[in-house]
Amino acid sequence: MQAVLAPMAVGALLLLLWQMLCTVLDVPVYLVPSPAAIFRTLVADWALLFGALLTTLRITFLAFALAVVIGVAVAFLFVQSRVLEAALFPYAILLQVTPIVAIAPLIIIWVKTPVIALTLCATMMALFPIISNTVLGLRSVQPSLLNLFRLNRASRWQILVRLRIPSALPSFFGGLRISSGLSLIGAVVAEFVAGTGGTSTGLAYQILQAGFELNIPRLFAALLMITVTGVLLFALMVALSRACLSSWHESELE
């Protein structure tokens, strides 16, 4: 309860202060809307914003699933060969440090289907945490246990399934927490770069349109939906980690 109530109390205090400042200083709504104005806009434009949120979430979940599959496969490949890891891991780092804004226009030009293009952009942003955390977890096995497996002539497959994967699960779930948020960020950034309109538009397009129209309360409402969605995705990964690890791993034991 303390972990939930303390942040909620701070948030409520900040919202109250925000509302008081906007009311006392009579701040124009087109500059900084008050929380009450944002809430009214969120209720009034709920159908539009929720539909845009679903579009963004579709890209987010597709990118996240693709990042998990590719990242785990690459991590398993790296842990089987030090030479292969040394040869390819720098390119995974290069993929991480390259700004997605710089390469997203190329992907959108090369890939004609908007959904696939946006998913690829978001996947590139969410991939590295899965690879790095999973490789770290697969490598972080107790040497005594590894020697015991080798002493009993365990195959590479048996060592991977019975020793490395259980040892890697805490690091893997840590990567999921980071990657889930990056998938959402990547989807929003890709939508910003694409700037596609029409009926199936994401929250980024709604933010752009609200900025062009100086509809600042709608812009803040869309930002609020993105923020809350990111928090919920992180909480979902935390709950998944606890469900899988709480019964046996010390990282989740009370």
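We're numbering straight along the sequence, starting at 1.
In this structure, CD1 in Ile216 is found 8.0 Å from CG in Leu31, a value given to the nearest 0.5 Å. Taking CG of Leu240 as the start and CZ of Phe173 as the end, the distance is 4.5 Å to the nearest 0.5 Å. For the atom pair Ile207 CD1 and Leu223 CG, the distance stands at 4.0 Å (nearest 0.5 Å). Rounding to the nearest 0.5 angstrom, the gap separating the CG atom in Leu203 from the CD1 atom in Ile59 is 12.0 Å. Rounding to the nearest 0.5 Å gives a distance of 9.0 Å between CZ of Arg164 and CZ of Arg156. Taken to the nearest 0.5 Å, the CD1 atom of Ile93 stands 11.5 Å off from the CG atom of Leu88.
The backbone N or O of Arg177 sits less than 3.5 Å from a side-chain atom of Ser180, completing a donor-acceptor pair. In this structure a side-chain-to-backbone donor-acceptor pair under 3.5 Å is present from Asn152 to Leu148. The closest donor-acceptor contact from the side chain of Thr41 to the backbone of Ala37 lies under 3.5 Å. Put simply, the side chain of Asn133 never gets that close to the backbone of Phe172: no donor and acceptor are under 3.5 Å apart. In this structure a side-chain-to-backbone donor-acceptor pair under 3.5 Å is missing from Gln80 to Leu77.
Closest of all the heavy-atom pairs between Ala67 and Thr123 is N-CG2, 4.0 Å. Here the closest non-hydrogen pair linking Ala126 and Ile130 is O-CG1, 3.8 Å. Residues Pro166 and Leu160 come closest through the heavy atom pair CD-O, 4.5 Å. In terms of heavy-atom proximity, Cys121 sits nearest to Ile100 at O-CD1, 3.3 Å. Residues Ala222 and Leu49 come closest through the heavy atom pair CB-CD2, 4.3 Å. Pairing each heavy atom of Met124 with each of Leu95, the nearest pair is CE-CD1, 3.2 Å.
Residues satisfying the salt bridge (charged side-chain N to carboxylate O under 4.0 Å, His left out) test with Arg40, not counting sequence neighbours, are none. Every residue two or more places apart in sequence or in another chain that forms a side-chain hydrogen bond (donor to acceptor under 3.5 Å, both in side chains) with Thr56 is listed here: Glu191. Judged as a ring pair (Phe, Tyr, Trp, His ring centres under 6.0 Å), and not counting sequence neighbours, the contacts of Phe50 are Trp46. Considering only residues two or more places apart in sequence or on other chains, Leu163 meets the side-chain contact (heavy atoms from CB on, under 4.5 Å) condition with Val141, Leu145, Leu146, Phe149, Ile159, Ser167. Under the side-chain hydrogen bond (donor to acceptor under 3.5 Å, both in side chains) criterion, Glu85 pairs with Arg139, not counting sequence neighbours. Every salt bridge (charged side-chain N to carboxylate O under 4.0 Å, His left out) that Arg218 has, sequence neighbours left out, goes to Asp45. Listed by chain and number, the residues in a side-chain contact (heavy atoms from CB on, under 4.5 Å) with Ser144 are Gln142 (sequence neighbours excluded).
Note on Val189: it clusters hydrophobically with Val97, by side-chain heavy-atom contacts below 4.5 Å among ILVMFWY residues. Side-chain heavy atoms closer than 4.5 Å link hydrophobic residues (I, L, V, M, F, W, Y) into clusters, and following such links, even through other members, never connects Val69 to Val72. Leu54 and Val43 fall into different hydrophobic clusters, where Ile, Leu, Val, Met, Phe, Trp and Tyr residues are linked whenever their side-chain heavy atoms come under 4.5 Å apart, directly or through other members. Cluster membership check: Leu214 does not share its hydrophobic cluster with Leu48, using side-chain heavy-atom separations under 4.5 Å among Ile, Leu, Val, Met, Phe, Trp and Tyr. In this structure, Leu84 is a member of the same hydrophobic cluster as Leu127, with clusters built from ILVMFWY side-chain heavy atoms closer than 4.5 Å.
A 6.0 Å sphere centred on CZ of Phe89 holds more than 12 heavy atoms belonging to other residues, nucleotides or ligands.
Counting heavy atoms from C-beta on, the side chains of Phe78 and Thr134 never come closer than 4.5 Å. Between Val74 and Ile70, some side-chain heavy-atom pair lies under the 4.5 Å cut-off. Annotation: side chain of Ile165 is in contact with side chain of Phe76 (closest heavy-atom distance under 4.5 Å). Using a 4.5 Å cut-off on side-chain heavy atoms (C-beta onward), Leu245 and Leu169 make contact.
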query: side-chain contact (heavy atoms from CB on, under 4.5 Å) between Phe64 and Leu182: does it pass, once the steps are laid out?
result: CA-CA 9 Å; Phe64 182 57; Leu182 289 179; over 6 Å; no
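Note on residues 87-105: no pairs pass side chain to side chain donor-acceptor pair (under 3.5 Å), not counting sequence neighbours. Here salt bridge (Lys or Arg N to Asp or Glu O under 4.0 Å) pairs that include residues 98-110, with residues two or more places apart or in two chains, number zero.
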For residues 231-239, run the donor-acceptor check on the side chains, cut-off 3.5 Å, and write out each pair with its distance to 0.1 Å, sequence neighbours left out.
none

Side-chain donor/acceptor pairs under 3.5 Å, residues 103-119, sequence neighbours excluded:
unit_1, atom_1, unit_2, atom_2, d
Lys112, NZ, Ile109, O, 3.4
Thr119, OG1, Val115, O, 2.7

Side-chain polar contacts of residues 18-30 - donor-acceptor pairs under 3.5 angstrom, sequence neighbours left out - could you list them?
unit_1, atom_1, unit_2, atom_2, d
Trp18, NE1, Pro33, O, 3.3
Gln19, OE1, Ala36, N, 3.1
Gln19, NE2, Thr23, OG1, 3.4
Thr23, OG1, Gln19, O, 2.8

